[in-house]
Peer 1: 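Dumping the structure here so I can ask a few things about it.
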2 protein chains.
Amino acid sequence: MKNLTFKQLRYFEALARHGHFRRAAEACGISQPALSMQIKELEEEVGIELFERGARQVRLTGFGEEFAPRVRDILRSVDELGDLARVSRDRLVGRLRIGVIPTVAPYLLPTLLGKLSLLHKGLDIHVRETQTPRLLQELEEGRLDTAIVALPVSEPALTEITLFTESFVLVRPGADEGKPVPDPEAVREMRLLLLEEGHCFRDQALSFCNVDMRAAPPRDFLDASSLSTLVQMVDAGIGVTLIPEMAVPVETRSAGVSIARFREPEPSRTIGMVWRRTSPLAKQLLQISEAVRHATDALRQPRPVPSATAPATTPPTMPSAG
Amino acid sequence: MKNLTFKQLRYFEALARHGHFRRAAEACGISQPALSMQIKELEEEVGIELFERGARQVRLTGFGEEFAPRVRDILRSVDELGDLARVSRDRLVGRLRIGVIPTVAPYLLPTLLGKLSLLHKGLDIHVRETQTPRLLQELEEGRLDTAIVALPVSEPALTEITLFTESFVLVRPGADEGKPVPDPEAVREMRLLLLEEGHCFRDQALSFCNVDMRAAPPRDFLDASSLSTLVQMVDAGIGVTLIPEMAVPVETRSAGVSIARFREPEPSRTIGMVWRRTSPLAKQLLQISEAVRHATDALRQPRPVPSATAPATTPPTMPSAG
DNA sequence: GGTTTTTCATAAGGAAATCTTATCACAATA
DNA sequence: TATTGTGATAAGATTTCCTTATGAAAAACC
């Protein structure tokens, strides 16, 4: 069975159906001798005669009868292989493993997942929510297909594409509403609540306040594990914090806190999508990045943030490593 | 999917398993470039990349992951095709459709079927019991694989092989035990009970009595539909009959009839097996004919038939057409 | 930082397979 | 007996497939 070919099985099937060499050959688009030879070869391969050649008719032998349904099964499976490919050609199919950092995930995913599963019906989406370094590692190990993180990642093995840039806003107790917006140095002197070690957003916030991240934290920072917690801590009067614009609608829904935009240059971060440069999904991932962009556009359309200054024009990018 | 080959699928499987072109190629017994080309061609065929070539590793794409189990399925089916063939190589497999004339069937089949199904485990044996002309027709139409009939059949499209020759014996009432054995002409004058029209054995019996078969039956023959019935009629004192040797043990088991051998030349018939000259089962059928011969040897070993003369040496063959 | 190594892709030529046309052999039919 | 229909065979052309040799890119090493 070493040199069995698909052609032989197709020819076999045709001959079994037509019971006639010339007609079967015609159906296969080859000459009658070619068919004869391939059938003969198949029979040699198998070691048993498959057809009984009568002077007036060709019919399957008993063994051929046993052989035929199996062959048909195989040919059908191969056809299905083709179907699968055809259907998947320009659609993403199967599993899409997407990683998202925690300061983006809760705000982006609800909208994004809906859009994606609508766009790619039957797509099996796996989401991994963790911090950037782990995401990048899993990406490079092939355990993720793409990740949504703050740019730049500066990994030569990865392609990065910008999704959007968003400002950070100050979250302070409701009572502070309307007070002048502090400048970075002033924030540093306030009780600044931050995410725990490892979140890139923590570093971005610190950087904004010109804190040397390698040095010890300037004050008795309280570390929270989510933006939600941070806002609740602000609400409790423990201090102030920064959150990305995208988080505002969700996180200030019912909290007694006030939001203030900074003066220019506003702090901001750029969120992007990355994938292995070698990934054959590039085209589809690009497509997905569009979907993400649309999803976030919708998220950032309503801007209920009272602006203390004119809206920012070209905000500087924050460091994102980590 | 028109030019997909098994090789490509095998190579695909190997590459998916090894994740390494050179090693996979080695496992397939080909050179690395050959593998590269076939994989590339497969990917072109499919229209989607199946592998993601990293600098340090080769791994399946998402689509490849969907593709792989189907491919493995197909390869397994093909292997099973090979297994099926290997197992069937020198064994008869599947269905064996065997036709037997009614004056042989009841005596031969019990032994034969046991032997056959022992010899070819899993063989699906179909038996057709009917008269010679129908058997031959079904044989030629491919609805039977072989038939056991009285020879000769003289059909150029059929191969015939002799199984055995057996004598006919006279069955008469038990009271006639020991009486002189009548010669053919005398039998003609007795009330000779025969099988109904169509049985070759009827013609053979008539022929023995030198009755012209084309003429009207000489006397008020009573036609029975089986040898069993004939013997029971003899037992009832209605007349005498002839039966083949093979039927003696079974048919005279409990009847009050006596058996007498004829003087030489004993009447006899030759039973043989026939099949289409084109049948690829020839080899196996020959094998089966051996089994039949052994089965009948065993049947004819005990000869409880009182012999009126010395045993026959070269009995003349009877006509068998019909 | 440059060199070596590893790995897959590409190129060119040769071997093997597959196909085509032409022809044969056989048997059924007229 | 001649004719027709059928599959098998033969010889040459074509296509596919494989090998060796080489290239390019990235990783590992010194």
Side-chain angles (χ1 to χ4, degrees), chain A residues 1-12 14-16 18-45 49-61 64 140-142 155-159 276-280, chain B residues 2-12 14-16 18-45 49-61 64 137 140-142 155-159 276-280:
Chain A
M1 241 35 185
K2 203 73 209 296
N3 300 315
L4 188 69
T5 68
F6 271 126
K7 284 186 182 174
Q8 286 168 357
L9 295 192
R10 293 224 182 77
Y11 295 171
F12 167 83
L15 183 55
H18 290 97
H20 195 283
F21 275 77
R22 194 175 49 70
R23 280 195 279 279
E26 192 175 2
C28 294
I30 57 171
S31 65
Q32 170 264 312
L35 184 81
S36 279
M37 279 174 139
Q38 290 301 319
I39 294 294
K40 189 180 160 193
E41 219 155 288
L42 175 61
E43 287 177 326
E44 271 166 23
E45 195 77 49
E49 275 186 87
L50 294 165
F51 293 96
E52 184 180 329
R53 282 91 159 155
R56 212 77 204 162
Q57 58 196 329
V58 177
R59 82 165 73 84
L60 283 170
T61 60
E140 298 194 50
E141 282 171 355
E155 283 278 345
L158 300 179
T159 296
R276 288 183 300 279
R277 228 185 25 228
T278 54
S279 174
Chain B
K2 203 74 212 297
N3 299 315
L4 189 69
T5 68
F6 272 129
K7 284 185 183 176
Q8 286 169 356
L9 295 193
R10 292 222 183 79
Y11 296 171
F12 167 84
L15 184 55
H18 289 97
H20 194 283
F21 276 77
R22 194 176 48 72
R23 280 194 280 277
E26 192 176 1
C28 294
I30 57 172
S31 66
Q32 170 265 311
L35 184 80
S36 279
M37 280 175 144
Q38 290 302 318
I39 294 294
K40 190 180 160 193
E41 220 156 287
L42 176 61
E43 288 178 325
E44 270 166 25
E45 195 77 48
E49 276 187 87
L50 294 165
F51 292 96
E52 183 180 327
R53 282 89 157 159
R56 212 75 207 158
Q57 57 197 330
V58 177
R59 81 165 74 84
L60 284 170
T61 61
Q137 186 191 339
E140 298 195 48
E141 283 170 356
E155 283 279 342
L158 300 179
T159 295
R276 289 182 300 279
R277 226 187 24 229
T278 55
S279 174

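The model shown is predicted, which means the values in this text are computed figures rather than measured ones. Lettering follows sequence order; numbering is per chain, from 1.
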Peer 1: Expressed as a whole number of angstroms, how long is the span from R59(A):CZ to dT6(D):P?
Peer 2: 15 Å
Peer 1: What integer distance in Å separates E52(A):CD from dT6(D):C1'?
Peer 2: 15 Å
Peer 1: Nearest whole Å is fine: how far is dC17(D) C1' from Y11(B) OH?
Peer 2: 8 Å
Peer 1: Is there a side-chain polar atom (N or O) of S36(A) under 4.0 Å from OP1 or OP2 of dG7(D)?
Peer 2: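 No, no such contact exists.
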Peer 1: Can you measure I39(A) atom CD1 to dG7(D) atom P for me and round it to whole angstrom units?
Peer 2: 11 Å
Peer 1: OP1 or OP2 of dA9(C) sitting under 4.0 Å from any side-chain N/O of R53(B)?
Peer 2: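 Answer yes for this pair, as a side-chain N or O of R53(B) is under 4.0 Å from OP1 or OP2.
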Peer 1: R277(A) or M37(B): which one's nearest nucleotide on DNA chain D is closer to the 5' end?
Peer 2: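 Nearer the 5' end of the strand: M37(B).
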Peer 1: Please give, in whole Å, the distance from dC8(C) C1' to E43(B) CD?
Peer 2: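 Result: 12 Å.
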Peer 1: I want to confirm an ordering. Mapping G29(A) and R23(B) to their closest nucleotides on DNA chain C, which one lands closer to the 5' end?
Peer 2: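 Checking each residue's closest nucleotide, the 5'-ward one belongs to R23(B).
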Peer 1: For E26(B), I'd like to know if atom CD has over 12 heavy atoms of other residues, nucleotides or ligands within 6.0 Å.
Peer 2: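 Atom CD in E26(B) is not crowded, with 12 or fewer foreign heavy atoms closer than 6.0 Å.
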Peer 1: Can you find a side chain N or O atom of K40(B) that sits less than 4.0 Å from OP1 or OP2 on dC8(C)?
Peer 2: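 No.
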Peer 1: Please report, rounded to the nearest Å, how far the P atom of dT21(C) is from the CZ atom of R22(A).
Peer 2: 14 Å
Peer 1: With the side chain of P33(B) defined as its heavy atoms from C-beta on, choose the nearest nucleotide among dT19(D), dC18(D), dT20(C).
Peer 2: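 The answer is dT19(D), which lies nearest to the side chain.
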Peer 1: Can you identify which nucleotide, out of dC19(C), dC18(D), dT10(C), has its nearest atom closest to the A34(A) side chain?
Peer 2: dC19(C)
Peer 1: Please check if the side chain of T159(A) supplies one atom and the backbone of R276(A) the other of a donor-acceptor pair under 3.5 Å.
Peer 2: no
Peer 1: If you compare all heavy atoms of G54(A) against all heavy atoms of T278(B), which two are closest, and at what distance to 0.1 Å?
Peer 2: CA-CG2, 4.2 Å
Peer 1: Is it the case that more than 12 heavy atoms not belonging to E140(A) sit under 6.0 Å from its CD atom?
Peer 2: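 Count over threshold, so yes.
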Peer 1: Is the phosphate of dC19(C), meaning OP1 or OP2, less than 4.0 Å from a side-chain N or O of K7(A)?
Peer 2: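 The answer is yes; a side-chain N or O of K7(A) sits under 4.0 Å from OP1 or OP2.
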Peer 1: What nucleotide among dT9(D), dA27(C), dC8(C) has an atom nearest to a side-chain atom of F21(B)?
Peer 2: dC8(C)
Peer 1: Could you tell me which non-hydrogen atom of C28(A) sits nearest to which non-hydrogen atom of A14(A), and how far apart they are?
Peer 2: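 Shortest heavy-atom contact: SG-CB, 3.5 Å.
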Peer 1: Report yes if at least one side-chain N or O of H20(B) is closer than 4.0 Å to OP1 or OP2 of dT6(C); otherwise report no.
Peer 2: no
Peer 1: Mind calculating the distance between CD (E26(B)) and C1' (dT19(D)) to the nearest angstrom?
Peer 2: 15 Å
Peer 1: Categorize F51(A) for me: base, sugar-phosphate, or nothing, with a 4.0 angstrom heavy-atom threshold over every strand shown.
Peer 2: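 If one applies the 4.0 Å heavy-atom cut-off, F51(A) turns out to touch nothing in the nucleic acid.
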Peer 1: Send over the distance from R10(A) CZ to dC19(C) P, rounded to a whole Å.
Peer 2: 12 Å
Peer 1: Which residue lies toward the 5' end of DNA chain C, Q57(B) or E41(A), if each is placed at its nearest nucleotide?
Peer 2: Q57(B)
Peer 1: Taking the minimum atom-to-atom distance to the side chain of I30(B), which one of dA9(C), dA10(D), dC18(D) wins?
Peer 2: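 Selected nucleotide (nearest to the side chain): dC18(D).
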Peer 1: Taking only the side-chain heavy atoms of S31(B) (C-beta and beyond), determine which of dC18(D), dA17(C), dC8(C) contains the nearest atom.
Peer 2: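 Ranking dC18(D), dA17(C), dC8(C) by closest atom to the S31(B) side chain puts dC18(D) first.
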Peer 1: So what does Q38(A) touch, heavy atoms closer than 4.0 Å: a base, only the sugar-phosphate, or nothing?
Peer 2: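 Contact class for Q38(A): sugar-phosphate only.
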Peer 1: Supply the atom-to-atom distance E52(A) CD to R277(B) CZ, rounded to the nearest 0.5 angstrom.
Peer 2: 11.5 Å
Peer 1: Name the closest nucleotide to the Q8(A) side chain, picking from dT9(D), dT18(C), dT10(C).
Peer 2: dT18(C)
